[in-house]
**Q** 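Below you will find the structure I want to go over with you.
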Amino acid sequence: MLLEGFHAVKHALRFGARVHPLLTTNLSDAVELAESHAPDLVEAFKQATEVDRAEFVKQVGKTHPTGVAGFAARPELPFDRNAPIVLLDNPRNLGNFGAAIRVAAGLDAGGVISTGDVDPWHPNVLRGSAGLHFALPVARAGSLDFAGELIAFDADGDLLTGPIPDDAVLAFGSERHGLSGEVRAKATRIVRLPMRDKVSSYNLTTSVAMGLYHWAIHRAS
């Protein structure tokens, strides 16, 4: 998998990926970035291969402002049923898809699965997650039959209150089309997030963040 930019490479390395080759157009700049933003990875960035801009573009396909890129194998990570799994129902915006994975990683979700025809490991999704695909399992949903609750988020649902079970699956629809009929039919309950009157919706990443934060804050209390 192509890792575009310093932060994508940084996260992949932190979560155990073997990044090879690790390329940079300026080795001293890459090491300086590591010293300021990832001191735990300075030695790894010292091993990067310095190439000229033409060779970088040849291997990566484009330039990058940080002059850093790398390649790593897709990890095989087990889903954790001690934390909610995020189900993205037919997501269409690849950047938002990736950002939702980034939020899920930050809030220590059990994994992210998706329905629809967008590859959850598409390069643009991976770019949006800043390499945090390597921090938790990310895959297409094999089915919608889950052990535990399937809690679907929709503006027409009941207000979300109380704790969310650790083994729940939290479903979020696409920003344009919302939840599919199949997910609605399979849902144990349909809930909504607090929202000011006359505001129509949150974007996907915000909804995922709010849902997982609700789980985290109630779990900690």
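We're numbering straight along the sequence, starting at 1. These numbers were taken from a predicted model, which means no experiment stands behind them.
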**Q** If you compare all heavy atoms of H133 against all heavy atoms of L77, which two are closest, and at what distance to 0.1 Å?
**A**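 Here H133 and L77 meet closest at O-CD1, 4.5 Å.
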**Q** To the closest 0.5 Å, what do you measure between CG (D29) and CD (E50)?
**A**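 Result: 9.0 Å between the selected atoms.
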**Q** Please tell me if the side chains of D154 and R184 come closer than 4.5 Å, counting only heavy atoms from C-beta onward.
**A**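 Answer yes - side chains close enough.
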**Q** Over all heavy atoms of both residues, which pair between F56 and A69 is shortest? Give the atoms and the distance, please.
**A**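 In terms of heavy atoms, the two residues are closest at CZ-CB, 3.6 Å.
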**Q** Counting N and O atoms only, with roles assigned by atom type, does the side chain of T206 sit under 3.5 Å from a partner on the main chain of Y202, one being a donor and the other an acceptor?
**A**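 Not confirmed, T206 side chain does not pair with Y202 backbone.
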**Q** Return the set of residues passing side-chain hydrogen bond (donor to acceptor under 3.5 Å, both in side chains) with Q59 (not counting sequence neighbours), or none when no residue passes.
**A**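 Here the qualifying residues are E55.
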**Q** Report the distance from atom CG of L132 to atom NE2 of H7, rounding to the nearest 0.5 Å.
**A**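 If I round to the nearest 0.5 Å, the distance is 11.0 Å.
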**Q** Closest heavy-atom contact between A73 and F134?
**A**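 Of all heavy-atom pairs spanning A73 and F134, the closest is O-CE2, 3.3 Å.
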**Q** Would you find a donor on one side and an acceptor on the other, under 3.5 Å apart, between the side chain of R140 and the backbone of D117?
**A**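 Yes, the answer is positive, given that a donor and an acceptor are paired below the 3.5 Å cut-off.
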**Q** Say whether I164 and I190 are linked into one hydrophobic cluster, either directly or through other cluster members, by side-chain heavy-atom distances under 4.5 angstrom.
**A**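 Result: no, two separate clusters.
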**Q** In terms of hydrophobic clustering (I, L, V, M, F, W, Y; side-chain heavy atoms under 4.5 Å; direct or indirect links), are Y213 and L159 co-clustered?
**A**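 They do not share one cluster, since no chain of ILVMFWY contacts under 4.5 Å joins Y213 to L159.
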**Q** Hey, does the side chain of H214 reach the backbone of L193 with a donor-acceptor pair shorter than 3.5 angstrom?
**A**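 Answer holds: no.
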**Q** Examine distances only and state if a side-chain atom of T24 and a backbone atom of G67 form a donor-acceptor pair shorter than 3.5 Å.
**A**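 At least one qualifying donor-acceptor pair exists.
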**Q** Check side-chain hydrogen bond (donor to acceptor under 3.5 Å, both in side chains) between N124 and all other residues, then give those that pass, not counting sequence neighbours.
**A**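 Scan of N124 (side-chain hydrogen bond (donor to acceptor under 3.5 Å, both in side chains), adjacent residues dropped) gives R127.
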**Q** Identify the two heavy atoms, one from L179 and one from G173, that lie closest to each other, and give their separation to 0.1 Å.
**A**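 Closest approach of L179 to G173: CD2-N, 3.5 Å.
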**Q** Centroid separation under 6.0 Å, is that true for the rings of W215 and F153?
**A**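 Between F153 and W215, the centre distance exceeds or equals 6.0 Å.
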**Q** For the CZ atom of R189 and the CD1 atom of I151, what is their distance to the nearest 0.5 Å?
**A**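 That separation rounds to 4.0 Å.
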**Q** Any sub-3.5 Å donor-acceptor pair from T66's side-chain atoms to F6's backbone N or O?
**A**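 It does hold such a pair.
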**Q** Walk me through it: do L136 and F15 pass the test side chain to side chain contact (heavy atoms under 4.5 Å, CB included)?
**A** CA-CA 9 Å; L136 76 174; F15 289 96; over 6 Å; no
**Q** Mind checking whether L22 and V9 have side chains closer than 4.5 Å, heavy atoms only?
**A**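 A side-chain contact exists here, since the closest heavy-atom pair is under 4.5 Å.
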**Q** Consider only side-chain heavy atoms of I, L, V, M, F, W and Y, link residues closer than 4.5 Å, and tell whether L204 and V191 are in one cluster.
**A**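 Yes: a chain of side-chain contacts under 4.5 Å links L204 to V191.
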**Q** Got a sec: does the CZ of R53 have more than 12 other heavy atoms crowding it under 6.0 Å?
**A**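 Counting neighbours around CZ of R53, 12 or fewer heavy atoms of other residues, nucleotides or ligands fall under 6.0 Å, so no.
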**Q** Does atom CD of E35 have more than 12 heavy-atom neighbours, drawn from other residues, nucleotides or ligands, at distances under 6.0 Å?
**A**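 Count over threshold, so yes.
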**Q** Judged by atom type as modelled, is there a donor-acceptor pair below 3.5 Å linking the side chain of R192 to the main-chain atoms of G157?
**A**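 Between the backbone of G157 and the side chain of R192 there is a qualifying donor-acceptor contact (under 3.5 Å).
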**Q** Whether the T115 and D89 side chains hold a donor-acceptor pair (N or O, under 3.5 Å, no angle test) is what I'd like checked.
**A**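 The criterion, which ignores hydrogens and geometry beyond distance, is satisfied for D89 and T115.
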**Q** Under 4.5 Å between side-chain heavy atoms, counting indirect links through other Ile/Leu/Val/Met/Phe/Trp/Tyr residues: same cluster for V57 and L3 or not?
**A**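 No, no single cluster joins them.
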**Q** I'd like to know if the side chain of E149 reaches the main chain of T188, judged simply by a donor and an acceptor atom lying under 3.5 Å from each other, with no hydrogens or angles considered.
**A**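 Judged by distance alone, no pair lies under 3.5 Å.
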**Q** Using a cut-off of 6.0 Å, state whether more than 12 heavy atoms not belonging to H20 lie near its atom NE2.
**A**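 No, the 6.0 Å shell around NE2 holds no more than 12 heavy atoms from other groups.
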**Q** Given L2 and F71, is the side chain to side chain contact (heavy atoms under 4.5 Å, CB included) satisfied, shown in steps?
**A** CA-CA 5 Å; L2 170 61; F71 295 85; 3.7 Å; yes
**Q** Is there a continuous path of hydrophobic side-chain contacts, each under 4.5 Å between heavy atoms, that joins V125 to V138?
**A**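 Result: yes, single cluster for both.
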**Q** What I'd like to find out is whether the side chain of F79 reaches to under 4.5 Å of the side chain of I113, using heavy atoms alone.
**A**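 Counting from C-beta outward, F79 and I113 do come under 4.5 Å.
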**Q** Is the backbone N or O of A130 less than 3.5 Å from a side-chain atom of H11, with the two atoms forming a donor-acceptor pair by type?
**A**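 Present.
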**Q** Any donor-acceptor pair under 3.5 Å linking the side-chain atoms of S28 with those of N26?
**A**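 Indeed, the side chains of N26 and S28 share at least one donor-acceptor pair under 3.5 Å.
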**Q** Any non-hydrogen side-chain atom of L88 less than 4.5 Å from a side-chain atom of V208?
**A**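 Side chain of L88 against side chain of V208, heavy atoms only: contact under 4.5 Å found.
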**Q** Considering only NZ, NE, NH1 and NH2 on the basic side and carboxylate oxygens on the acidic side, decide whether R81 and D166 come within less than 4.0 Å.
**A**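 No, this pair does not count.
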**Q** Are V199 and R196 packed together at the side-chain level, in the sense that at least one heavy-atom pair is separated by less than 4.5 angstrom?
**A**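 Yes, side chains in contact.
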**Q** Is the shortest side-chain heavy-atom distance between L150 and L170 below 4.5 Å?
**A**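 Not in contact.
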**Q** Which pair of non-hydrogen atoms, one from P165 and one from P84, has the smallest distance, and what is that distance?
**A**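 Minimum heavy-atom separation between P165 and P84: O-CG, 3.9 Å.
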**Q** Is the shortest heavy-atom distance from the side chain of L126 to the side chain of M1 under 4.5 Å?
**A**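 They are in side-chain contact.
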**Q** Nearest heavy-atom pair of N90 and S174: which atoms, and what distance?
**A**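 Heavy-atom minimum between the residues: O-CB, 3.4 Å.
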**Q** Are any of the side-chain heavy atoms of I85 and V112 separated by less than 4.5 Å?
**A**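 Result no, sub-4.5 Å side-chain heavy-atom pair not found.
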**Q** Could you go step by step and tell me if L87 and F172 meet the side chain to side chain contact (heavy atoms under 4.5 Å, CB included) rule?
**A** CA-CA 6 Å; L87 169 62; F172 301 86; over 6 Å; no
**Q** Does atom CZ of R18 have more than 12 heavy-atom neighbours from other groups under 6.0 Å away?
**A**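 Check fails, neighbour count at 12 or below.
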**Q** With side chain to side chain contact (heavy atoms under 4.5 Å, CB included) as the criterion, how do T25 and D52 come out once you've worked through the C-alpha distance, each side chain's angles and the decisive distance to 0.1 Å?
**A** CA-CA 6 Å; T25 55; D52 61 27; over 6 Å; no
**Q** With the threshold set at 4.0 Å, does a side-chain nitrogen-carboxylate oxygen contact exist between K10 and D40?
**A**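 Here K10 does not pair with D40 in a salt bridge, since their nearest N and O are not under 4.0 Å apart.
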